[in-house]
Trainee: 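The structure's right below; bear with me while I get my questions together.
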Amino acid sequence: MLKGIGASQGYGIGKAVVIKNESLDYSSVKYSDAENEKKRLHDAVEKYCSQTQALAENLSKNAGEEEAEILKGHLVMLQDPFMLSQMEDNIDSGSVAEAGVATVCNMFIDMFSGVDDELTRQRASDVKDIRDCLLSILLGTETVDISAVAPESVLIAKDFTPSMTSQINKENVAAIITEVGGVTSHSAILARAMGIPAVLSVKGVTDSVSDGEMLIADGFKGKVITDPSEAELKKYRKKNDEYQKEKESLSEYFGKPTVTKSGVLKKVYGNIAKAEDAQNVVQNGGEGIGLFRTEFLFMDREHAPTEDEQFEAYSTVAKALDGKEVIIRTLDIGGDKAVEYLNIDKEENPFLGFRAIRYCLKNTELFKTQLRAILRAAQFGNIKIMLPLVTCVDEIKQAKVLIAECISELESEGKRYRDVPVGIMVETPSAAIISDLLAEEAAFFSIGTNDLTGYTMAVDRGNANVSNLYDPTQPAVLRAIEMTIKNAKKAGIQVGMCGEAAADERLIPQLVEWGLDEFSVSPSSILQTRKNICNCK
Ligand code: PEP
Ligand code: MG
């Protein structure tokens with residue numbers, strides 16, 4: 001049995017599909033002869049082109065023409081006779097095909113990255129992609145096609161990037177297992193959003209489990225049973241059936257108001273990471289969206305989404321919610337959320353560094369693009385803006401100045417928009433401590449217990465060695481929560497919670513008693529949370 005952290009509830013029974021990020025080191029590849037090396041090169045290029053062509057077609061159908069155009073650009077670049085002939089010249093002078101590819105691509109990467117113009121610099125990352133794909137084809141280390149795994153697959157990887165998770169077909173994936181991450185890591189958030197059981201932080205699992213091996217993943221207890229006996233399989237199939245029945249029984253809470261036994265009305269909202277998740281919230285009975293983690297729109301791509309792309313995403317969500325509240329959190333990058341093209345320097349302490357609202361207030365062009373998109377989308381629904389990682393009053397004031405600038409720009413351009421309330425996440429101890437002062441500037445609070453727990457307890461939220469201290473029921477965290485709710489009540493503003501603790505049944509009665517108005521949880525936890533609140537006094 002392997003031990004990890006149960007990060008998304010449920011039982012997954014199936015065959016392992018191990019996704020390894022193999023190294024692209026080709027130093028041990030031996031040179032055969034020029035003819036053979038050139039054949040290897042041409043075969044690899046041909047394979048790359050046909051795969052990329054198919055991917056581009058798929059993207060233009062399912063994602064967007066802009067993404068597909070980037071891939072088509074890769075094809076044009078690689079089909080340029082100059083690039084290929086340079087690779088062949090390298091082979092003629094005694095290099096293996098891999099070295100030919102790497103030398104020529106690296107030359108282009110250096111050339112493009114040194115240029116001042118942003119568009120040309122993006123070419124450098126295009127060539128990096130081409131280089132890595134060609135090398136993995138040549139070395140035979142191509143990654144698994146996640147979108148095409150067989151039914152009842154248990155996906156195993158060191159970690160899942162947003163682009164990996166976006167390829168998951170949840171009908172075929174029984175569970176997810178990773179080597180890193182905790183309950184609030186992004187793999188966990190995405191697994192819960194899709195309702196797939198997940199066990200994270202299982203040390204060495206990509207090496208200790210082989211492809212095709214039968215496994216049971218227990219997302220409640222955080223354990224993985226390898227090579228299970230017939231009796232174990234039978235026991236877990238039964239447990240899974242019971243769990244599925246229990247979930248079905250929650251359907252009586254669908255469409256019902258969230259009212260405590262003493263008649264106090266509460267709201268249960270859903271957290272989303274992509275525009276498409278909005279439907280998931282509606283289908284699971286959410287009364288609104290309490291957290292749209294917009295950084296996912298910025299991750300796993302070569303450049304920031306344009307204002308129109310963002311406008312499209314935010315409008316889609318606003319329309320899907322049909323007048324119900326949609327709280328859009330502005331870009332929360334840095335810390336555990338890396339975005340390569342934003343060129344944030346490597347920091348000693350990224351969690352205490354240049355991230356979230358701090359980054360946005362210093363990169364106003366990027367920030368205003370997002371704010372304009374949100375303001376324009378607000379005409380289609382009940383949108384609110386939420387600022388992440390606020391630590392002082394001035395940050396809210398500065399953000400409001402930028403919002404006012406966006407409004408006057410939209411006015412003078414004659415673009416339609418709607419002004420929206422601006423609230424904040426309370427996810428740092430400083431914000432909780434001065435929540436009385438922040439409440440004078442913020443239209444609402446949403447308590448982010450994922451970070452609040454980490455910063456209050458001084459523990460890294462993804463570090464398994466200190467995970468015993470990463471606990472929102474610790475008195476220090478509870479006092480910060482209580483203080484925030486009380487100060488919001490005094491000021492008469494709405495206070496919600498969008499950290500994972502909002503779905504924690506140990507905490508719900510206490511949160512209800514303190515007067516928390518809104519609980520925003522992953523879509524798969526909405527009905528259970530409503531049931532837990534309805535059972536409170
Ligand atoms: C939080 O910190 O509680 C939160 C909801 O934000 P995230 O998990 O995206 O950091
Ligand atoms: Mg946070």
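Worth saying up front: this structure is predicted, and the values here are computed from it rather than measured. Order of appearance sets the numbers: ligands from 1, and atoms from 1 within every ligand.
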Trainee: Check this for me: does any side-chain nitrogen of one of E409 and R372 sit under 4.0 Å from a carboxylate oxygen of the other?
Mentor: yes
Trainee: Just checking, is any N or O donor in the side chain of T473 or D471 under 3.5 Å from an acceptor N or O on the other one?
Mentor: yes
Trainee: Contact between N382 and V420 at the side-chain level, heavy atoms closer than 4.5 Å - yes or no?
Mentor: no
Trainee: Tell me, please, if D332 has any N/O/S atom, main chain or side chain, under 2.8 Å from the Mg ion (ligand 2)?
Mentor: no
Trainee: Against the six-membered ring of F296, is K274 placed for a cation-pi contact (under 6.0 Å from the centre, within 45° of the normal)?
Mentor: no
Trainee: Vertex the Mg ion (ligand 2): angle to OE1 of E427 and OD2 of D451, to 10°?
Mentor: 90°
Trainee: Out of all atoms in ligand 1, which are within 4.0 Å of some heavy atom of M425? Include the element for each.
Mentor: 4 (C), 5 (C)
Trainee: Kindly identify the option in M386, M497, E500, R293 whose heavy atom sits closest to atom 9 (O) of ligand 1.
Mentor: R293
Trainee: Just by distance, with hydrogens left out, do Y269 and E325 show a side-chain donor and acceptor under 3.5 Å apart?
Mentor: yes
Trainee: Out of all atoms in ligand 1, which are within 4.0 Å of some heavy atom of C498? Include the element for each.
Mentor: 5 (C)
Trainee: Looking at CG of L452 and CD1 of I447, how far apart are the two atoms once the value is rounded to the nearest 0.5 Å?
Mentor: 7.5 Å
Trainee: Where does T449 meet ligand 1, judged by heavy-atom distances below 4.0 Å: at the side chain, the backbone, both, or neither?
Mentor: backbone
Trainee: Relative to the heavy atoms of L291, which atoms of ligand 1 are at a distance of less than 4.0 Å?
Mentor: 5 (C)
Trainee: Taking N or O atoms only and a 3.5 Å limit, does I189 qualify as a polar contact for ligand 1?
Mentor: no
